[in-house]
Asker: 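This structure is in structure tokens; I'll ask about it shortly.
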Amino acid sequence: MDETESLNRAIHEEVALFPYDAAWPTLFKQERDRLLDLFPDEFLAIEHIGSTAVPGLSAKPIIDILAGVDSISRADDLLEPLCRAKYATSLAYNASLVGRRWLMRWAEGRRTHHLHLMVYGSEEWHRRLDFRNKLRADTELSQRYEKKKRLWAAEFTSDREAYTAAKGDFIKQALKNAS
């Protein structure tokens, strides 16, 4: 499979959940260290977020990374250098986002990492960390989330956007209930 075919497969990959893998934190640390080596002065913080950051939680085997920058214009300036560093992105998709930028890494026709560039300390930065921390601290919430994700993965196997939207509603409610 050549690079173009691999990227195309990754883009159209179906939603599938896998049991928690104890290697996920190590994979995050390796990529965080690689990013800090390549861009030593660019990120104010780099965090492991998403379901792979929650011990015991089933997930799509994609490491979600939250990288804090000082401004969205700085995030925009980093898109091209990050693409030279084995990430891919969609300028059209990023143009639709407010307050963040998104990139992915892939290998062998599947996504391996999602990189979310966001203003460090912003409301959205805190919201993502708060949800991760709530899942880590509340086993019942984590189990409810996993059960829902399995239902959404079955319903939206070929529609990543609908799967992501369904998760968004759960996240909003969980954060609302906690405040």
Asker: Please report the shortest heavy-atom distance between Ala67 and Trp125, naming the atom on each side.
Answerer: C-CZ3, 3.7 Å

Asker: Membership question, hydrophobic clusters at under 4.5 Å side-chain separation (ILVMFWY): are Leu82 and Ile46 in the same one?
Answerer: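 Yes: a chain of side-chain contacts under 4.5 Å links Ile46 to Leu82.
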
Asker: Taking the side chain as every heavy atom from C-beta outward, state whether Glu47 and Ile65 have any pair of such atoms under 4.5 Å apart.
Answerer: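 Side chain of Glu47 against side chain of Ile65, heavy atoms only: no contact under 4.5 Å found.
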
Asker: Between Tyr145 and Ser51, is there a side-chain heavy-atom distance shorter than 4.5 Å?
Answerer: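 Yes - at least one pair of side-chain heavy atoms lies under 4.5 Å apart.
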
Asker: Decide yes or no for Arg32 and Lys29: does some side-chain heavy atom of the first lie under 4.5 Å from some side-chain heavy atom of the second?
Answerer: yes

Asker: Could you check whether the rings of Phe28 and His48 sit parallel, tilted or perpendicular, using 30° and 60° as the cut-offs?
Answerer: parallel

Asker: Asn177 and Gln173: side-chain donor and acceptor closer than 3.5 Å?
Answerer: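 Yes, a side-chain donor-acceptor pair sits under 3.5 Å.
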
Asker: Is the shortest side-chain heavy-atom distance between Lys60 and Tyr163 below 4.5 Å?
Answerer: yes

Asker: Drop me the distance from Leu175's CG to Arg127's CZ, to the nearest 0.5 angstrom.
Answerer: 6.5 Å

Asker: Do you know which two heavy atoms are closest between Pro55 and Ala53, and how far apart they sit?
Answerer: CD-O, 3.5 Å

Asker: Determine, stepwise, if the pair Glu146 / Ser58 fulfils side-chain hydrogen bond (donor to acceptor under 3.5 Å, both in side chains).
Answerer: CA-CA 7 Å; Glu146 180 169 337; Ser58 295; 2.8 Å; yes

Asker: So, do Leu79 and Leu91 sit near enough that their side-chain heavy atoms are less than 4.5 Å apart?
Answerer: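 Sidechains of Leu91 and Leu79: in contact.
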
Asker: Are Phe43 and Tyr87 connected, step by step, through hydrophobic side chains (Ile, Leu, Val, Met, Phe, Trp, Tyr) whose heavy atoms are closer than 4.5 Å?
Answerer: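 Yes, Phe43 connects to Tyr87 through the hydrophobic network.
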
Asker: Who are the side-chain contact (heavy atoms from CB on, under 4.5 Å) partners of Glu42, not counting sequence neighbours?
Answerer: Phe39, Arg74, Leu78

Asker: Roughly how far, to the nearest 0.5 Å, is the CG atom of Leu117 from the CG atom of Leu97?
Answerer: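 With rounding to 0.5 Å, CG (Leu97) is 10.5 Å from CG (Leu117).
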
Asker: Rounded at 0.5 Å granularity, tell me how far CG in Asp77 sits from OG in Ser71.
Answerer: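 The OG atom of Ser71 is 7.5 Å from CG of Asp77, to the nearest 0.5 Å.
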
Asker: Would you name the heavy atoms of Ala162 and Phe156 that are closest together and state the gap between them?
Answerer: CB-CD2, 3.4 Å

Asker: Is it the case that over 12 heavy atoms from other parts of the model lie below 6.0 angstrom from the NZ atom of Lys86?
Answerer: no

Asker: Taking it one step at a time, do Leu44 and Val69 satisfy side-chain contact (heavy atoms from CB on, under 4.5 Å)?
Answerer: CA-CA 6 Å; Leu44 301 174; Val69 293; 5.9 Å; no

Asker: Can you name the closest pair of heavy atoms from Arg34 and Ala85 and give their distance?
Answerer: NH2-O, 2.8 Å

Asker: Between Leu103 and Cys83, is any pair of side-chain heavy atoms under 4.5 Å apart?
Answerer: yes

Asker: Run the numbers on Lys167 and Trp152 for side-chain contact (heavy atoms from CB on, under 4.5 Å), then give the verdict.
Answerer: CA-CA 8 Å; Lys167 289 191 314 178; Trp152 297 322; 3.8 Å; yes

Asker: With Thr112, which of His114, Glu108, Arg110 fulfils side chain to side chain contact (heavy atoms under 4.5 Å, CB included)?
Answerer: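 For Thr112, the side chain to side chain contact (heavy atoms under 4.5 Å, CB included) check succeeds only for Arg110.
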
Asker: For a side-chain hydrogen bond (donor to acceptor under 3.5 Å, both in side chains) check, start with the C-alpha distance between Asn94 and Thr89, then their side-chain angles and the critical distance, and finish with the verdict.
Answerer: CA-CA 8 Å; Asn94 278 317; Thr89 195; 2.6 Å; yes

Asker: State the OG-CG distance between Ser142 and Leu57, to the nearest 0.5 angstrom.
Answerer: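 Atom-to-atom, Ser142:OG and Leu57:CG are 4.5 Å apart.
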
Asker: Report the C-alpha distance between Glu13 and Arg111 in whole Å, list the side-chain angles of each, state the deciding distance to 0.1 Å, and finish with yes or no for side-chain contact (heavy atoms from CB on, under 4.5 Å).
Answerer: CA-CA 8 Å; Glu13 181 179 31; Arg111 298 166 189 237; 3.4 Å; yes

Asker: Calculate, to the nearest 0.5 Å, the distance between atoms CG and NZ belonging to Asp138 and Lys134 respectively.
Answerer: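 So the gap between those two atoms works out to 9.0 Å.
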
Asker: How long is the span from the CZ atom in Arg105 to the CD1 atom in Ile62, to the nearest 0.5 Å?
Answerer: 13.5 Å

Asker: What's the shortest heavy-atom distance between Ala75 and Arg101, and which atoms?
Answerer: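 Scanning both residues, the minimum pair turns out to be CB-CG, 3.9 Å.
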
Asker: Would a single hydrophobic cluster contain both Leu66 and Ile63, if residues Ile, Leu, Val, Met, Phe, Trp and Tyr are joined by side-chain heavy-atom contacts under 4.5 Å?
Answerer: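 In one cluster: no.
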
Asker: Would you say the side chain of Arg84 lies within less than 4.5 Å of the side chain of Glu80, judging by non-hydrogen atoms?
Answerer: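 Answer yes - side chains close enough.
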
Asker: Looking at Tyr120, I want to see if its OH is surrounded by more than 12 non-hydrogen atoms of other residues, nucleotides or ligands under 6.0 Å.
Answerer: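 Count not over threshold, so no.
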
Asker: Group every Ile, Leu, Val, Met, Phe, Trp and Tyr by side-chain heavy-atom contacts under 4.5 Å, then state whether Leu17 and Ile171 land in the same group.
Answerer: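 Cluster IDs for Leu17 and Ile171 match.
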
Asker: Any side-chain heavy atom of Met118 sitting closer than 4.5 Å to one from Arg128?
Answerer: yes

Asker: According to a hydrophobic-cluster definition based on side-chain heavy atoms being under 4.5 Å apart (Ile, Leu, Val, Met, Phe, Trp, Tyr only), do Trp106 and Leu35 belong together?
Answerer: no

